[in-house]
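We count ligands from 1, going down the list as the structure has it; atoms in each ligand are counted the same way.
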Amino acid sequence: MENPSHADLLITDAELVATVDDARREIPGGWVAVTDGVVSAVGGPGDQRPEAARTIDARGCLVTPGLVNTHHHLYQNLTRAFAPALTGGLFDWLVTLYPLWARLDEEAAYVSAYVGLTELALAGCTTSTDHLYVHPRGAGDLITAEVTAARDLGMRFHPTRGSMSLSVKDGGLPPDSVVQDDDEILADSQRLVEAHHDRSPTAMTRIALAPCSPFSVSTSLMTRTAELAAALDVRLHTHLAETQDEDEFCLATFGRRPVDYLADVGWMSDRVWLAHVVWPSPEEITRLGAARVGAAHCPSSNMILGSGLAPVAELRAAGAPVGLGVDGSSSADSASLWLEARTAMLQGKLRHGAAAMSARDALEIATRGGAACLGRAGEIGELSVGACGDLVVWPLEGVRFAGALSDPVEAWLRCGPVAARHTVVGGRLVVEDGAPVHAGLDEQLAVHRRVSTAMQAAL
Ligand SMILES: [Zn+2]
């Protein structure tokens, strides 16, 4: 299929196509063809282009693979920038917001996912995960509600079945009303995998299992979730080593540091990717890398909550896949992977000097790195023949890019801010000319306002 005679979609005449493929090919004047939802050919000005049902002119634009979001809590956009929770660290922030989130229901899960996935697509995301760990009693099937929103939008979606089983009365942080018992969590996890998990290379929906964190679930739930994930062959996710408070909590509660605890409960596996990983010791970084445990780097969230600067270069050097995450919309508040990629680049330079992290490093983390975290290396996060037809056309024009003539990839992340001109998932436009293609956004924003107003009145 190197040069099929007919394609469904052809992106032509890009300023540069940055494929992020195995050879990291960059093609000035390049084009990309998508057929039946996958990349069917990639070429330059001298290569024969296929005929296409639809052609998009990418003159003046950078074309990249779609960005992959490896950590989020979509429902939190219902309590964005919530005034009573703006100055606390992570633990204070959580304790303030748990009572509001106890109002979650299927309507809230659907509308927050619809709005949140639209926001992500506008900034070039084509695949997102979600970590929904608040399942109030009687709230209904929240994960299926979000899967429905992703399908309505045409976004590739990896929701995780989150969980909390330790409430205040057991020494945990959350109130009783939002925790469940271990058997109930595991049975629902299995049900959701059977209902939604697609193992095909072009899957639009996959499920992973995701206890919230060591301070909100029991040790037996951590162990049993790892066993269930192995039995079902799905991935595992949780928060780990986000703050120094967590180190102290784990030492006081388990007599172990977070990474030692992770090993004890059977999670040192390449099935696992962890959110944050800000505070591992050098020896722990080596162990995480050797086990190929992935890390979702969330630079804005780590700064806004004062958590710290994650050791991204060290984790990558140790062999750990590193992806990018916007994190929950009420900790990071914004949800743009372009912004996270830029912030990751700036943090890398801040930690280790100006040469330590380039725009290409950040692009790689945002694409291939994320794909590796989600167990989808080769399927998403690169523009190579046979990979999913997920790509972004970024305009490098106008006042923001005037004078940026010599390196389109560095310009993309150093200049800006920039949003996607077109976001394509599986060969279908989700964002066209900078706007969502679906007609329902205004209506969903009105529902979002009603639901979030009621939730914020709950305090
Ligand atoms: Zn998080």
**Report entry** D176 and S167: side chain donor to acceptor below 3.5 Å
**Finding:** yes
Query raised in the report: Counting N and O atoms only, with roles assigned by atom type, does the side chain of R24 sit under 3.5 Å from a partner on the main chain of D22, one being a donor and the other an acceptor?
Result: yes
Requested in this report: Check whether any N, O or S atom of D327, backbone or side chain, sits closer than 2.8 Å to the Zn ion (ligand 1).
Outcome: yes
Report task. Tell me which N, O or S atom of H73 sits nearest to the Zn ion (ligand 1). Result -> NE2
Query raised in the report: Does a donor on one side chain and an acceptor on the other come within less than 3.5 Å for H73 and H71?
Result: yes
Query - 2.8 Å cut-off met by an N, O or S atom of H71 to the Zn ion (ligand 1) - result: yes
Requested in this report: Output yes if H239 passes the N/O/S-under-2.8 Å test against the Zn ion (ligand 1); output no otherwise.
Outcome: yes
Query raised in the report: Do side-chain atoms of D188 reach the backbone of I185 as a donor and acceptor pair under 3.5 angstrom?
Result: no
